[in-house]
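Below: the structure, in structure tokens.
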Protein chains: 2
Amino acid sequence: MTRPDPVKLPEEAASVRIVLCDDHAVVRAGLRALLDSAPGIEVVGEADSGAEAVALAMKLTPDVVLMDLQLGVGLDGVEATRRITAASGGSVHVLVLTTYDTDADITRAIEAGATGYLLKAERPDELFTAIHSAAAGRTALSAPVAHRVMARMRSPRPALTDRERDILGQLARGLTNRDIAKALYLSEATVKTHLGRIYGKLDVDTRAGAVAVAKEQRLLP
Amino acid sequence: MTRPDPVKLPEEAASVRIVLCDDHAVVRAGLRALLDSAPGIEVVGEADSGAEAVALAMKLTPDVVLMDLQLGVGLDGVEATRRITAASGGSVHVLVLTTYDTDADITRAIEAGATGYLLKAERPDELFTAIHSAAAGRTALSAPVAHRVMARMRSPRPALTDRERDILGQLARGLTNRDIAKALYLSEATVKTHLGRIYGKLDVDTRAGAVAVAKEQRLLP
DNA sequence: CGTCGGCGCACCGGCTGGTTCCGGCACGCA
DNA sequence: TGCGTGCCGGAACCAGCCGGTGCGCCGACG
């Protein structure tokens, strides 16, 4: 898959070397075709899973990994991002390119060490500039993402704790309080307490509503 | 509305004329770059909304419209497909290219007149052959989709009625039975009856579970 | 004309769900 | 060391919600 390119054209600056990671082969091929036609950008590898992305990032040490967050099965985009930045010591920059601009996704990606966060709905030239920014280590957020970050700063919505996510996960399976309690080795009373706190944070007052916003905001894996 | 087309050229050599419809500008650009490099395929237009796709399909009368089903706001992909096939009398073929292979999505797309249903996770050459198939009016289903169709034929899972979808929609907003009743001008008892039937069809036994599978299977808009 | 699927309704009993209040820990900080 | 805070786990209470069952009406369809 990797073609060692013996001829390095010393242009104004060397090409930005990129690894693509997206589980959709068609859009991956599309991105490659698109980026191949762009000057100063060179796609050196493709991955269709998080694990493969990490491996390629280590082996090829590209300047930028273009990472989708939703990766079907296995390692998810956030975790892959975390491992890549950790293992490379920050020398390989991850630019997230995804469809959703949910608070949870953005936060987790940034917290995992992503250098930028771009939406697939963005104009392609934004993508090119973002890639060069990311290669230089500069943060690149697309407009809607930046807005969300700002909004979150202004009105800090409390994040769910790990335990609360556990409860919510069971709830989303349609379990009753008693069953959740059994599943997590808790008292039923405790489950209710957690649920109450969850309702507060999600601004709902019923279980069904909680499940709805949980799915909506992609709070569950 | 239908213009008589006096001469139908039996072309092997002429390119298949295509209109792209996807609300993500980046993947649209990627697809164009990919298809532009393919022989025998010519992208003649791009749309980022259902409405625009319908307009372009009428104006350009392409051989194939490559249609994503999830189109953010406005006309959704299924409705756009329905209008295009209806307005063109079937002369413009719609090839659905999307990420999800949910039963509901597949069924609705086919029922709306789509000539084919392809997943973005498919290999790009599948895409090329599917495009040519669609241009010739031949049905093109990618493997996982075909499997699902067969499975559904074998064990016909009852589809939700319109009314049941209404109820489910309100339920997914976290409303209580009483509130759903008020919202839909029903008796609370009726709401419960519908919910019971919904549980049966979705194979769950709690409201939270119903919301979960509803979101999972994309039963709600 | 039969009957079948979809819709709407009534009644009821069990028990689930939501609320409130409380204590224990771990941690950070002065 | 003492204090404040955030998170976790729990007890008790009671309203009323939920789910099940049975039934009638209607229109479509054969």
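If you're wondering where the values come from, they're calculated on a predicted model, not measured in any experiment. Proteins get letters first, then strands, A, B, ... in listed order; numbering begins at 1 in each.
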Name the atoms and distances for all side-chain donor-acceptor pairs under 3.5 Å in residues 92-99 of chain A, with sequence neighbours left out.
| unit_1 | atom_1 | unit_2 | atom_2 | d |
| --- | --- | --- | --- | --- |
| A:His93 | ND1 | A:Ala134 | O | 3.2 |
| A:Thr98 | OG1 | A:Asp68 | OD1 | 3.2 |
| A:Thr98 | OG1 | A:Gln70 | OE1 | 2.9 |

For residues 204-214 of chain B, please give each side-chain donor-acceptor pair under 3.5 Å, one per line with the distance, not counting sequence neighbours.
| unit_1 | atom_1 | unit_2 | atom_2 | d |
| --- | --- | --- | --- | --- |
| B:Thr206 | OG1 | A:Gly174 | O | 2.9 |
| B:Thr206 | OG1 | B:Gly209 | N | 3.1 |
| B:Arg207 | NH1 | B:Asn177 | OD1 | 3.0 |
| B:Arg207 | NH2 | B:Leu175 | O | 3.2 |
| B:Arg207 | NH2 | B:Asn177 | OD1 | 3.3 |

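Sequence neighbours left out, the pairs with a member in residues 71-82 of chain A that pass side chain to side chain donor-acceptor pair (under 3.5 Å) are A:Asp76-A:Arg108, A:Glu79-A:Arg82, A:Glu79-A:Arg83, A:Arg82-A:Glu111. For residues 126-141 of chain B, no residue pair satisfies the salt bridge (Lys or Arg N to Asp or Glu O under 4.0 Å) rule, not counting sequence neighbours. Sorted by first and then second residue, the salt bridge (Lys or Arg N to Asp or Glu O under 4.0 Å) pairs involving residues 208-221 of chain B (not counting sequence neighbours) are A:Lys215-B:Glu216, A:Glu216-B:Lys215, B:Asp105-B:Arg218. The salt bridge (Lys or Arg N to Asp or Glu O under 4.0 Å) pairs that include a residue from residues 165-177 of chain B are B:Asp162-B:Arg165, B:Arg163-B:Asp166, where partners are two or more places apart or lie in different chains. Among pairs with a residue in residues 175-187 of chain B, those fulfilling salt bridge (Lys or Arg N to Asp or Glu O under 4.0 Å) read B:Arg178-B:Glu188, at least two apart in sequence or across chains.
Residues B:Ser133 and B:Thr139 have side chains not in contact (no heavy-atom distance under 4.5 Å, counting atoms from C-beta outward). Side-chain contact between A:Val26 and B:Leu118 is absent, with no heavy-atom pair separated by less than 4.5 Å.
Between A:Arg163 atom CZ and C:dA26 atom C1' the separation is 16 Å, expressed in whole Å. Rounded to an integer number of Å, the gap from CD of B:Gln170 to P of D:dC17 is 17 Å. As rounded to whole Å, 11 Å separates atom C1' of D:dC7 from atom CG of A:Asp162. One atom, CG of B:Leu184, and another, C1' of C:dC7, lie 13 Å apart when rounded to the nearest Å.
For B:His194, the side-chain atoms get nearest to C:dG8 when compared with the rest of C:dG8, C:dG18, C:dA10. For B:Lys192, taking side-chain heavy atoms from C-beta onward, the closest of the listed nucleotides D:dA12, C:dG8, D:dG20 is D:dG20. Candidate nucleotides D:dC13, C:dA10, C:dC7 were compared by shortest atom distance to the side chain of B:Glu164, and C:dC7 ranks first.
Across A:Pro62 and A:Val44, no two heavy atoms sit closer than the pair CB-CG2, 4.3 Å. When all heavy atoms of A:Gly113 and A:Thr85 are compared, the closest pair comes out as O-CG2, 3.4 Å. In this structure, B:Asp63 and B:Ala135 approach most closely via the heavy-atom pair CB-CB, 4.2 Å. Residues B:Asp101 and B:Tyr117 share a closest heavy-atom pair of CA-OH, 4.4 Å. The two atoms that bring B:Glu52 and B:Glu46 nearest to each other are OE2-O, 3.4 Å, heavy atoms only. In terms of heavy atoms, A:Pro144 sits closest to A:Glu122 at CD-OE1, 3.9 Å.
Within the 4.0 Å cut-off from OP1 or OP2 of C:dT16, not a single side-chain nitrogen or oxygen of B:Arg207 is found. Contact between the side-chain N/O atoms of A:Thr190 and the OP1/OP2 oxygens of D:dC8 is not found at any separation under 4.0 Å. Contact check, B:Thr161 against C:dC7: a side-chain N or O comes under 4.0 Å of OP1 or OP2.
Residues from residues 197-205 of chain A placing a heavy atom under 4.0 Å of any atom in DNA chain D, listed by number, are A:Arg197. For the contact set between residues 172-180 of chain A and DNA chain C, defined by any heavy atom under 4.0 Å, the members are A:Thr176, A:Asn177, A:Arg178.
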Using a cut-off of under 3.5 Å, enumerate the N/O to N/O pairs linking the protein to nucleotides 25-29 of chain D.
none

Name the pairs: protein N/O against N/O of nucleotides 3-5 of chain C, kept only if under 3.5 Å.
none

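Taking five base pairs at each end of the helix from C:dC1-D:dG30 to C:dA30-D:dT1, the local helix axes there meet at an angle of 40°, rounded to 10°.
For B:Thr193 against C:dC9, a side-chain N or O and a base N or O form a donor-acceptor pair under 3.5 Å.
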> Given A:Arg28 and A:Asp22, is the salt bridge (Lys or Arg N to Asp or Glu O under 4.0 Å) satisfied, shown in steps?
Replying inline: CA-CA 6 Å; A:Arg28 223 170 48 230; A:Asp22 194 314; over 6 Å; no
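Under a cut-off of 6.0 angstrom, the local environment of CG in A:Asp203 is sparse, with at most 12 non-hydrogen atoms contributed by other residues, nucleotides or ligands.
Each of A:Leu195 and B:Glu188 was matched to the nucleotide of DNA chain C holding its nearest heavy atom; the match closer to the 5' end belongs to B:Glu188.
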